[in-house]
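Because only heavy atoms are used, hydrogens play no part in the values below, and waters and symmetry mates are left out as well, while side chains stay in. Chain naming here is simple, since letters A, B, ... match the order of the sequence lines and numbering starts at 1 in each.
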Amino acid sequence: MASALASVALSTTFARAVPLPENSMVQRIGAEKKHDNPLFKGKAFRRVSMAVSVNVSRFEGVTMAPPDPILGVSEAFRADTNDLKLNLGVGAYRTEELQPYVLNVVKKAEKLMLERGENKEYLPIEGLAAFNKVTAELLFGADNSVIQEGRVATIQGLSGTGSLRLAAAFIHRYFPDAKALISSPTWGNHKNIFNDARVPWSEYRYYDPRTVGLDFDGMVADIKAAPDGSFVLLHGCAHNPTGIDPTPEQWEKIADVIQEKNHIPFFDVAYQGFASGSLDADAYSVRLFVRRGFELLVAQSYSKNLGLYAERIGAINVVCSSSDAGTRVKSQLKRLARPMYSNPPVHGARIVANVVGDPNLFNEWKQEMELMAGRIKNVRQRLYENLSEKDKSGKDWSFVLKQIGMFSYTGLHKAQSDHMTDKWHIYMTKDGRISLAGLSLSKCEYLADAIIDSFHNVD
Amino acid sequence: MAAISREILKRRGIHRSPVMATIGTRSMASWFGHVEPAAKDPILGVTEAFLADPSPDKVNVGVGAYRDDNGKPVVLECVREAERRIAGNLNMEYLPMGGSIKMIEESLKLAYGEDSELIKEKRIAAVQALSGTGACRLFADFQKRFLPDTQIYIPIPTWANHHNIWRDACVPQRTFRYYHPETRGLDFASMMDDIKNAPNGSFFLLHACAHNPTGVDPSEEQWREISYQFKVKNHFPFFDMAYQGFASGDPNRDAKAIRIFLEDGHLIGCAQSYAKNMGLYGQRVGCLSILCDDELQAVAVKSQLQQLARPMYSNPPVHGALVVSIILGDPELKSLWLKEVKGMADRIIGMRKALRENLEKLGSPLSWEHITNQIGMFCYSGMTPEQVDRLTDEFHIYMTRNGRISMAGVTTGNAGYLANAIHEVTKSS
């Protein structure tokens with residue numbers, strides 16, 4: 001009966017007599033192809049009165065993607081109407097008043113750019129030359145030998161994500177048998193990036209829930225156990241999501257085992273300057289590995305330290321043993337970028353180039369960065385004090401002070417994190433990560449109460 | 001791709017782990033010994049060569065970026081005004097994953113029609129994309145993930161990067177005939193043959209207007225026939241629309257092909273770019289849309305597009321999207337934009353006339369009708385690579401070796417010089 005109705009629909013609504021395509025197929029995900037009359041679906045009935053539309057979508061079987069665990073948190077927060085709600089989800093810096101913050105140096109740079117009235121021509125595939133120069137100098141130090149010798153291939157990328165993706169695509173193409181090693185846990189999108197770039201990955205132990213600190217022995221053992229020539233993804237500073245960084249001594253030992261196994265270090269530096277407040281201090285780990293002579297990859301982002309989140313500005317740097325290798329690598333990175341987006345967006349790159357390239361603006365930036373990092377440290381201190389005072393169980397909360405950067409791994413598990421949201425309207429990611437950038441001094445007490453409650457009363 | 005790299009590794013005798021014999025000095029082996037230098041991008045490489053040329057007579061008719069009659073890049077007035085409103089005011093928080101909602105809304109109105117029922121019914125899955133390239137790439141990745149047995153039919157010729165995009169997305173490519181070298185027009189009969197002979201349900205890449213690189217578009221009648229044949233064959237039409245408004249000067253007219261397909265009930269995909277028509281080249285603003293059965297499906301498809309974008313760049317850049325939203329959302333700015341885009345299109349049409357007239361005045365034995373028959377930024381001159389090389393070497397004129405002239409680079413100042421040079425290299429053919 002349905003097919004009779006369907007063929008009536010066909011003849012009355014479609015002016016020309018269009019024969020039904022033979023063997024027309026409706027493809028569903030995970031199902032076999034069916035030789036169906038494409039109109040033989042419940043939906044077709046609704047269309048009888050509408051003009052035309054013989055075709056049924058090929059995307060019939062496309063299911064709803066799960067909400068992104070991180071960005072989805074902010075969406076849920078926005079939908080919550082409770083007054084006490086607190087967004088400790090996405091890692092975007094907030095002032096003490098919990099407002100987004102546009103750095104003064106950025107406003108100044110943008111005004112300069114507007115006055116100059118620069119054009120909007122395509123950048124070259126590798127991005128803005130002025131930006132590429134300053135970003136490499138910022139990371140390695142302008143007087144570093146790798147820069148003096150022209151051994152760094154730098155390409156402007158779409159913030160940290162885009163830069164990581166370019167590197168992953170490069171690994172897939174030129175190191176097709178290589179594996180990536182990522183920390184457990186790590187930023188959720190790292191796995192997506194390697195998956196979509198088709199680079200196999202495995203995890204190395206990192207977070208120790210017993211100490212809420214670094215499982216250093218586990219980390220070294222797992223890096224040692226991996227096949228030679230693996231790409232080891234390391235967070236340059238302010239590990240996301242845990243906030244736990246190796247000490248300088250531990251970094252040396254990590255370098256030892258990487259050297260021993262002929263691995264390639266691959267740094268994700270998303271918080272330079274934002275972790276300790278000092279650009280140079282936060283580049284310590286990268287510069288250590290460079291000093292030791294490794295070839296390595298480094299992805300950078302200006303989302304947090306310059307507050308340029310939505311402009312998508314970052315870079316991928318590949319330190320090579322010769323400038324010739326650097327030239328070749330750069331050309332191949334360009335070949336990967338061209339079919340992704342042709343050339344990168346100019347606006348954010350100009351802002352960075354202007355800020356870093358002008359001594360006054362650069363100094364002002366350093367001050368603003370110290371303020372931002374300082375606020376986070378203050379909030380950590382207050383939270384620690386509140387937790388220690390209010391929690392009578394004797395639990396050691398000092399990890400809040402030992403951790404660094406925007407995030408803190410509270411040690412809460414999924415059910416406890418859910419409880420934070422359901423009862424306390426505090427939004428965080430399910431792995432127990434809170435963004436201290438979204439916390440004000442005035443809310444520390446409320447947060448402390450919530451954490452203590454969730455930790456002790458939820459299994 | 002993996003197989004190719006292993007080959008490279010084998011050929012170079014490189015084993016998986018070069019010995020890092022002397023760390024800490026400069027004499028260590030490199031991991032990157034097997035990485036060969038990439039060939040220059042055929043299009044963007046032209047501008048590099050042009051910039052390096054010291055000759056005062058040099059002319060760049062290579063890359064497709066608009067120039068005014070003085071050969072200078074242009075920032076539209078409406079764009080400057082939009083930027084004034086933006087500068088230093090708004091924060092730069094991450095856009096939602098799918099991009100600026102406002103920009104997407106306005107883009108859909110442009111492409112599908114101001115009052116489109118489809119928009120009201122929320123049947124279109126749409127995300128902000130990294131200009132046209134990014135939109136095509138997202139679609140190619142989506143095609144690979146959700147319709148892994150499909151391939152893409154690409155016209156001969158097409159913008160070179162189309163091949164790179166679908167290749168890097170690992171979607172197999174086929175071609176269909178399009179350009180007729182003898183007439184320098186559309187090879188309609190062969191095109192229809194290829195459409196008919198393709199297996200039912202094939203995916204086709206169509207240039208909505210101002211075909212790049214030929215400038216040759218089907219007529220309205222021809223579009224109707226193509227649409228009909230697509231119905232018969234149940235083909236999927238994916239439109240790359242990089243020049244809406246820029247081709248004829250009228251955005252609705254330039255979207256005619258899409259509107260015809262929509263009237264016929266096709267479920268289309270569409271890549272839009274604001275690089276040319278708003279002069280936002282370096283801002284990378286565009287939109288990818290996919291027309292679905294209903295709102296529910298559109299929501300699902302959009303979520304999957306976001307899922308593909310997340311490991312590529314997380315969320316798209318805000319600046320260009322703000323500019324587009326402000327312009328299209330403000331009636332005064334929008335009408336200023338429409339004037340300015342018509343101005344650009346008119347200048348190009350004027351240059352086409354000038355170039356053709358100059359060549360005819362020089363007494364060229366060849367027909368140059370196609371210069372004014374073709375539309376949009378590009379003119380497929382019909383010159384051979386050798387003739388193009390002569391233009392570059394002898395006359396310092398830079399263009400891609402397929403004979404494509406970017407009319408946007410032609411000015412009243414250089415039209416005569418250009419015509420003369422073309423005449424010189426072609427008069428004996």
Side-chain angles (χ1 to χ4, degrees), chain A residues 18 21 24 43 52-55 57-59 62-65 68 71 92 100 102 107 110-111 114 119-123 158 161-162 165 173-174 176 189 192-193 196 228-229 259 262 264 292-293 295 307-312 320-321 325 328-329 331-332 335 338-342 345-347, chain B residues 1-2 5-6 16-17 20 23-24 28 30-32 35-38 41 65 73 75 83 87-88 91-95 97 130 133-134 137 146-147 161 164-165 168 200 231-232 234 264-267 279-284 292-293 297 300-301 303-304 307 310-314 317-319:
Chain A
V18 175
S24 63
K43 292 189 181 96
V52 295
S53 198
V54 172
N55 282 1
S57 172
R58 288 160 181 74
F59 307 121
V62 174
T63 53
M64 189 71 191
D68 183 278
L71 301 177
V102 180
K107 290 185 189 170
E110 284 209 300
K111 287 227 154 67
L114 197 66
N119 67 52
K120 302 185 176 310
E121 294 295 287
Y122 290 122
L123 286 178
L158 286 149
T161 305
R165 178 57 176 269
R173 186 169 284 184
Y174 287 96
N189 208 22
N192 299 333
I193 292 169
D196 278 24
D228 282 26
Q259 182 175 328
N262 258 335
I264 304 167
R292 288 185 53 160
E295 287 183 308
L308 294 177
Y309 309 94
E311 302 292 349
R312 319 310 295 132
C320 307
S321 62
R328 286 180 279 116
V329 167
S331 76
Q332 294 297 348
R335 232 177 109 229
R338 174 61 158 154
M340 263 196 228
Y341 49 81
S342 280
V346 65
H347 196 77
Chain B
M1 200 42 74
S5 301
R6 271 187 222 106
R16 269 297 294 126
S17 46
M20 302 281 271
I23 295 219
M28 62 174 157
S30 170
W31 279 107
F32 308 119
V35 176
E36 293 170 340
D41 183 279
V75 179
E83 290 210 300
N91 70 67
M92 291 150 196
E93 292 292 295
Y94 295 118
L95 283 177
M97 265 195 287
L130 290 157
T133 306
R137 176 56 177 267
F146 291 98
L147 295 133
N161 206 25
N164 298 335
I165 290 168
D168 275 24
N200 290 354
K231 270 285 162 184
V232 171
N234 201 25
D264 286 350
H266 289 285
L267 297 171
L280 295 176
Y281 308 93
Q283 306 287 0
R284 320 310 295 131
C292 302
D293 271 341
Q297 193 183 91
V301 168
S303 78
Q304 295 292 355
Q307 193 86 320
R310 173 69 159 147
M312 251 202 252
Y313 47 84
S314 279
V318 70
H319 190 81

Q: Heavy-atom pairs under 4.5 Å with chain A are the metric here; pick the option from Thr133(B), Leu130(B), Ile165(B) that has the most.
A: Thr133(B)
Q. What pair of heavy atoms forms the shortest contact from Glu295(A) to Phe32(B), and how long is it?
A. OE2-CD1, 3.5 Å
**Q.** Glu36(B) backbone acceptor or donor facing Gln332(A) side chain under 3.5 Å
**A.** yes
Q | Largest heavy-atom contact set with chain A, pairs under 4.5 Å, which of Cys292(B), Pro73(B), Gly279(B) | A | Pro73(B)
(Q) Below 30° counts as parallel, above 60° as perpendicular, anything between as tilted: where do the rings of His347(A) and His319(B) land? (A) parallel
Q. Considering only heavy atoms, which portion of Val75(B) lies under 4.5 Å from any heavy atom of chain A: side chain, backbone, both, or neither?
A. side chain
Q: Measure across Ala38(B) and Ser331(A) and return the closest heavy-atom pair with its distance rounded to 0.1 Å.
A: N-OG, 2.8 Å
Q: State the CD-OG1 distance between Gln297(B) and Thr63(A), to the nearest 0.5 angstrom.
A: 11.0 Å
**Q.** Heavy-atom closest contact (Lys120(A) atom, Tyr281(B) atom, distance)
**A.** O-CB, 3.3 Å
Q) Taking all atoms of both residues into account, what is the closest heavy-atom pair of Gly229(A) and Trp31(B), and its distance? A) CA-CH2, 3.9 Å
Q.
Could you report the tightest heavy-atom contact between Val62(A) and Ala300(B), atom names first, then the distance?
A. O-CB, 3.4 Å
Q.
Testing Arg173(A), Arg338(A), Arg335(A) one by one against Asp168(B) for a side chain to side chain donor-acceptor pair (under 3.5 Å), which residue passes?
A. Arg173(A)
Q: Find the distance between CG (Leu280(B)) and CD (Glu121(A)) and round it off to the nearest 0.5 Å.
A: 11.0 Å
Q. With a 4.5 Å limit on heavy-atom distance, are the side chains of Phe59(A) and Asp293(B) in contact?
A. no
Q: In sequence, state the C-alpha distance, the side-chain angles, and the governing distance for Asp196(A) and Met312(B), and then conclude on side-chain contact (heavy atoms from CB on, under 4.5 Å).
A: CA-CA 8 Å; Asp196(A) 278 24; Met312(B) 251 202 252; over 6 Å; no
Q.
In the structure I gave you, are the side-chain heavy atoms of Pro311(B) and Thr161(A) within less than 4.5 Å of one another anywhere?
A. no
Q) Looking at Gln307(B), Gln283(B), Arg310(B), Met97(B), which has the largest count of heavy-atom pairs under 4.5 Å with chain A? A) Arg310(B)
Q) Atom OG in Ser314(B), atom CG in Asn192(A): separation rounded to 0.5 Å? A) 9.0 Å
Q | Minimum heavy-atom distance between Pro345(A) and Pro317(B), given as atom pair plus value | A | CG-CG, 3.8 Å
**Q.** Contact winner vs chain B - Leu158(A), Val346(A), Asn189(A), heavy-atom pairs under 4.5 Å
**A.** Asn189(A)
